[in-house]
Structure formats: C-alpha cells, structure tokens
Amino acid sequence: MKAHTIGEPGLLRWALILTALAFLAVFLVLPLAAVLAEALAKGWDRYFHALFKHDSVSAIWLTLLVAAIAVPANMVFGVAASWAVTKYDFPGKSLLVTLIDLPFSVSPVISGLVYVLLFGLQGWLGPWLQAHDLKILFAVPGIVLATVFVTFPFVARELIPLMEEQGRAEEEAAVVLGAGGFRTFWSVTLPNIKWALLTGVLLCNARAMGEFGAVSVVSGHIRGLTNTMPLHVEILYNEYDLVGAFAVASLLAFLALVTLAAKTAVEWWHGDELAATRRH
Amino acid sequence: MSAAGGVLTGWIARRPLRVIPGFGATMGLTLTYLSLIVLIPLAALFLRAAGMSPAEWWAILVDPRVLASLRLSFGGALIAAIVNGIFGLLVAWVLVRYDFPGRKLVDAIVDLPFALPTAVAGVALTALYAPRGWIGSLIEPLGIKVAFTPLGVIVAMIFIGVPFVVRTVEPVLADFDAELEEAAATLGSTPFETFRLVILPAVGPALLTGISLAFARAVGEYGSVIFIAGNMPGISEITPLLIVTKLEQYDYTGATVLAAIMLIISFLLLLGINLLQKWRRRRVEA
C-alpha cells in the first residue's frame, strides 16, 4: 500500500516550484543578466574604457565618500537608538520606534525635497547660508544628508527585535558586578549583537551607495563634482552612452551581489544570533 | 506653575528604576539625531504646505496632470502589490515547504531588490522590455507593449516589491502547525480545501501586511520606474516624478503640496499597517 502523505501530490508540487522559479527568473535574474550583457555588448575593452573615464571615476569616489560618512553616522545612531529602546522602559516607546521607521515610508523624492525646502535659496535657511557662503544644497553635504535620511532605519530595525529578545539580564548582571555603561556595551552587548549589526550595516551601505531619488533632488547633477554612481548611470543613459551607463551599473550590481552574499553567509553561519524574523 | 511642578515630581517618583546606565546619553542622541535629520525637515515641509490657502491646494489637486499621476502611482502600486501578493505567497510556500536543488540560493536572491540600486533596476528593466530587448522582442509581436507605457510602471513596481510579501509570509508558513493540516486531511478535506480553509486564514494577516508594505514602497518609488515609464504627462507619469518636474521648474508650492498629499496618504497607510500587525500579534497569542 502506498504510504499516505500529507500535502500536495508530486506533480502539483513541481508545477508550483517551477512557477515560483519562473516568476523570480523573469523579475529578478533576467534584469541582473541584462546589466552584464549590455555592459559587455561591445567587448571588455570598451567596458573598462567606460569605467575608467574621468567622470565615472569621480562618481565612484563621491559615492564611496558619501557612504563613508553616512553609514558610520547611522550605525552609531542605530546602536544608540536600539539600546535606548530595548534596555529601558519609558512612555511613548512604540511611537519612537514608528518614527525611527518613518523614512522607509517616505518617497525618496520627498526625502530630497525636504532639504531643498530647508536649505534652498527659497528655503528657510537658504538666505542665511548664502550670506555666510556655505553650500549644502547641490554640494556634498546635501548629498550626505539625503543619504542619511533614506538609510536612517536600517541598523536600528535589525537590532531592535534582536535586543528585545535578548532582554536585559546580562547587562544588569554586568552593571551589578561593577562594569560601567560603556564597558557593559563593549564586553556584553556588542558580542551578542555583532552579526545583526553587520547585517544592518551591509543593508545600510548598499542603500547608501545605491540611493537615487533623494540624492538626485539635492545633487544638482554637476558632472565630476556632485554626481554619484547611480546619478552617473542616468546621465550616461540619457546621453545614449549605453555601454558607459551599464558599465557603471554593473559595478553597482556587483556591489549588490556582494552585499547579498555577505548577508546570506551571516544568515547561514550565524543565523541563531540574528533576530527570529531573520532566521530561515 | 505649582501644578506643573507637582506633575513633574510625580513623574520622577513614578519613574521606573533603571539599573543599566546610559539612558540619558543614548536617548538624547537618538532624539537629537532623529529630530535634526527626519522630524524637523518633515515638519518644515508640512508647515510650508499648511501656509497655503485651501484654494491653492484645490487648484493643484484638481489639475488633470496631477490627478492622472496620482491615479497611476496609487493604482499601479495596488496592482503590483496584488501581483506580489499572489506570487510572493507562492514563492514563500515553495521555499518553506519543498526541498529542491538550489533552494537556499533562490531564498537569497529574493532580497535582490533590497540590495540592487533602483537606477540599475530601472535601466536593466528598460533594456529587457524595450522593443528590441530580450523580453520586449518576444511580446511585441503579440501586440503587448511594456516599456514606455503604464504597464512598464507596474513591472518596475513589481520588481521592487518582491521581497516584502515573501519575507513577511515565510516565517508564518514555517511556524504553521502541520498537525492542523493532518487533521484536515484525516477529516477528508482535499489539499485545495485545506489550503483555502486552514492555511490561508492562518497566513492571511501576514499576507496582508506584506502586500501593504509592497504597496507603500511602490507608491513612492522613483528610480526603477522613471526609466521604463516613458514619462508622458497624463499617461505614464508617476507622482514622484511630477514632484521633481515641478521642483525643476521652481514651482516649490506645487511640489510641496503634492509631497504633503503623498505623505498624508503614506502615513495613513503606515498607521493601517501598524494596526494590522497588532491584530496579527493578538491572533498569534490567542
């Protein structure tokens, strides 16, 4: 007698698997493949030539600079916010968590717009900034601010559920045994959260280097000066320099794949040290 | 004055005992940073929008170009979110319940839209669906045009929404009690009946949360949409792009009001998602 199994018959099972894979292939894998195919359409020589053009190189440097400021800033904030939210009780906690998540539900274009309204010539601080010869908008500080805004919640969002699960007992024990606040964080909390922190920083960095809408609004698109890599992709694309656009895009796609690989590696080997929602 | 003082000392007396040091420092840093980066700039936008007369608001709102863009942004996002709801549930189902070669790789690739810059997704999708692209050249003879039409907008919105439904439904499906399914099967229900009557009600709230997250993301999406959309005013122009256009024409009033409208709708959505998650938690605990 055939063993009675719970669940779907084999044929249906494979039909479901193949449909799911086809959906992912069309919507996720094909676009990725298209980037590489377009970048290499005219051969490796043209590809590298496009990458090492002056404007492309300065876009790469600006992207690295912006991420180098925005990511550590958001990392410090994310850790401090998660610590404050999970290690103490205070009224309005869930409101604070909602506010930390807020930038995720704001259109990137609006994230840029708010700074234009603050620092632009028509904005509140614009005339004062101009009188003191300070440039925020259409300059690097504006790009950094917009990037910080859109990548704001990543680290805290990764840490808060984990630190909530871990509770406070270990920290309280450390304090009772005489450790100070910083020592407690460094020797007790940090080892517990290091992999979740890494995941948060990876996602934060990927978004920081790849942000387009918010940065596009505040950058002013000055080639060689305020052009990040994603903005440079757009400029080259609109000039019909497809090899150039896709060459820069392929670098960003590579960054995305490295981010995914690193995140997946953390989930495979240290999944039990991440928040429950991250374990699969 | 004394009443305020009384409230203050009362609050201090009721203040919970905090063993772990650093509350003032971390909370101070959190609130300062949050205010400077997010709250004050957003408040500035709302103050500016509130400073305009109802007539100005109305004039912007009833502009056919604005209405068409809102219809496309919200309507397109709704369609994309529903497509993601169906296929996201399917992908989560397959990943959680079946074992097949490459399952872990597939699971990892689901997060690609979180990691791939939107501008890259935008140019890649355009290359795929353009008349001479890999997919475009296949569907063009069938009379289906995707690139540079509202359909292209929806395709881009589907792309960026893929992980939301999968990642919210996955843990719920994984925790689902197999005994319930076995009970349903012993009581004579077919696999489809079990799915519809036993499994779907259990994952329903998570599915709805995932769909609303995908919807919220798609509504505001800019980078991946503008390349494939063609951006014809009134036809394939999304609201975020219209905000940028108004800004480039120095129409700060128009841009601000449009942004405020989008934000108000998004905040209401966020509120809805939070209530949904509370409802979920209550159901899980019950």
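In what follows, chains are A, B, ... by sequence order, proteins preceding strands, each numbered from 1.
- Inter-residue side-chain proximity for A:V116 and B:Y252 is flagged as met; some heavy-atom pair is nearer than 4.5 Å.
- There is no contact between B:F195 and chain A, counting heavy-atom distances below 4.5 Å.
- Both the backbone and the side chain of B:L45 come within contact range of chain A, with heavy atoms under 4.5 Å apart.
- Using a 4.5 Å cut-off between heavy atoms, B:V162 touches chain A through its side chain atoms alone.
- Comparing A:V109, A:V35, A:N205 by heavy-atom pairs within less than 4.5 Å of chain B, the highest count is held by A:V109.
- Heavy atoms of A:F149 lying under 4.5 Å from chain B belong to its backbone as well as its side chain.
- When heavy atoms are compared at a cutoff of 4.5 Å, B:A174 does not approach chain A at all.
- Contact of A:T19 with chain B is made through backbone and side chain together, with heavy-atom distances under 4.5 Å.
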When you look at B:Y98 and A:L16, which way does the side-chain contact (heavy atoms from CB on, under 4.5 Å) test go after all the steps?
CA-CA 10 Å; B:Y98 307 150; A:L16 291 175; 3.4 Å; yes
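- Looking only at heavy-atom pairs under 4.5 Å with chain A, the residue among B:L112, B:L39, B:L36, B:T194 that has the most is B:L112.
- For chain A, the nearby part of B:F267 is the side chain; its heavy atoms alone come within less than 4.5 Å.
- For chain A, the option among B:T118, B:T239, B:L34, B:V155 with the highest count of heavy-atom pairs below 4.5 Å is B:L34.
- Between the CG atom of A:L113 and the NZ atom of B:K246 there is a distance of 12.5 Å, given to the nearest 0.5 Å.
- Under the salt bridge (charged side-chain N to carboxylate O under 4.0 Å, His left out) criterion, the residue pairs touching residues 101-111 of chain A are A:D101-A:R157, with sequence neighbours excluded.
- Contact check for B:L47 versus A:W124: side-chain heavy atoms found under the 4.5 Å cut-off.
- Counting heavy atoms from C-beta on, the side chains of B:L42 and A:L102 come closer than 4.5 Å.
- Annotation: maximal heavy-atom pairing with chain A below 4.5 Å, among B:L116, B:L29, B:L125, B:V38, occurs at B:V38.
- For chain A, the option among B:L258, B:I109, B:V96, B:V120 with the highest count of heavy-atom pairs below 4.5 Å is B:V120.
- If you measure heavy-atom distances from B:D175 to chain A, you find no contacts under 4.5 Å at all.
- Residues of residues 175-185 of chain A placed with any heavy atom under 4.5 Å of a heavy atom in chain B are listed by number as A:V175, A:G180, A:G181.
- Looking at A:E38, the atoms closer than 4.5 Å to chain B (heavy atoms on both sides) all sit in the side chain, from C-beta outward.
- The two residues B:T26 and A:A80 make their nearest non-hydrogen contact at CB-O, 3.5 Å.
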Apply side-chain contact (heavy atoms from CB on, under 4.5 Å) to the pair B:T30 and A:W83, showing each step before the final yes or no.
CA-CA 10 Å; B:T30 303; A:W83 177 278; over 6 Å; no
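- To the nearest 0.5 Å, atom CG of residue B:D111 and atom NZ of residue A:K263 are 3.5 Å apart.
- Within a 6.0 Å sphere centred on CG of B:L275, other residues, nucleotides and ligands contribute more than 12 heavy atoms.
- To the nearest 0.5 angstrom, B:I243 atom CD1 is 4.5 Å from A:I110 atom CD1.
- When heavy atoms are compared at a cutoff of 4.5 Å, A:A174 does not approach chain B at all.
- Put simply, the side chain of A:F77 does not reach to within 4.5 Å of the side chain of B:I37, judged on heavy atoms.
- At a 4.5 Å heavy-atom cutoff, the contact between A:P103 and chain B is made by side-chain atoms alone.
- Using a 4.5 Å cut-off between heavy atoms, A:L21 contacts chain B through its side chain alone, with no backbone atom that close.
- With a 4.5 Å cut-off on side-chain heavy atoms, B:L90 and A:F23 do not count as touching.
- Within the 4.5 angstrom heavy-atom criterion, atoms from both the backbone and the side chain of B:V110 approach chain A.
- No part of B:L241 comes within reach of chain A, as not one of its non-hydrogen atoms sits under 4.5 angstrom from that chain.
- Both the backbone and the side chain of B:A255 have a heavy atom closer than 4.5 Å to some heavy atom of chain A.
- Residue A:S105 holds its OG atom at 11.0 Å from CG of B:L271, rounded to the nearest 0.5 Å.
- B:F23 and A:F90 have tilted rings, their planes meeting at an angle from 30° to 60° on a 0 to 90° scale.
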Please set out all donor-acceptor pairs under 3.5 angstrom arising from side-chain atoms of residues 244-259 of chain A, sequence neighbours excluded.
| unit_1 | atom_1 | unit_2 | atom_2 | d |
| --- | --- | --- | --- | --- |
| A:S250 | OG | A:Y47 | OH | 2.7 |
| A:S250 | OG | A:A247 | O | 2.6 |
| A:T259 | OG1 | A:L255 | O | 2.8 |

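- Looking at heavy atoms from C-beta onward, A:V106 lies out of side-chain contact with B:S266 at the 4.5 angstrom threshold.
- The choice from B:A119, B:G122, B:P41 that makes the most heavy-atom pairs within less than 4.5 Å of chain A is B:P41.
- Looking at A:F27, both its backbone and its side chain come within 4.5 Å of chain B, counting heavy atoms on both sides.
- Residues A:E234 and B:I226 form a side-chain contact, since some pair of their non-hydrogen atoms from C-beta on lies under 4.5 Å apart.
- Taking a 6.0 Å sphere around CD of A:E170, one finds it holds 12 or fewer heavy atoms contributed by other residues, nucleotides or ligands.
- Between A:L24 and B:F87, every side-chain heavy-atom pair lies at or beyond the 4.5 Å cut-off.
- Heavy atoms of A:L118 lying under 4.5 Å from chain B belong exclusively to its side chain.
- Interatomic distance, B:T256 OG1 to A:Q122 CD, rounded to the nearest 0.5 Å: 9.0 Å.
- Neither the backbone nor the side chain of B:A216 comes within contact range of chain A, judged by heavy atoms closer than 4.5 Å.
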Show me, pair by pair, the donor-acceptor contacts under 3.5 angstrom made by side chains of residues 92-99 of chain A, not counting sequence neighbours?
| unit_1 | atom_1 | unit_2 | atom_2 | d |
| --- | --- | --- | --- | --- |
| A:K93 | NZ | A:V85 | O | 2.8 |
| A:K93 | NZ | A:Y88 | O | 2.8 |
| A:T98 | OG1 | A:S94 | O | 2.8 |

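- Annotation: maximal heavy-atom pairing with chain A below 4.5 Å, among B:L247, B:I158, B:V106, occurs at B:I158.
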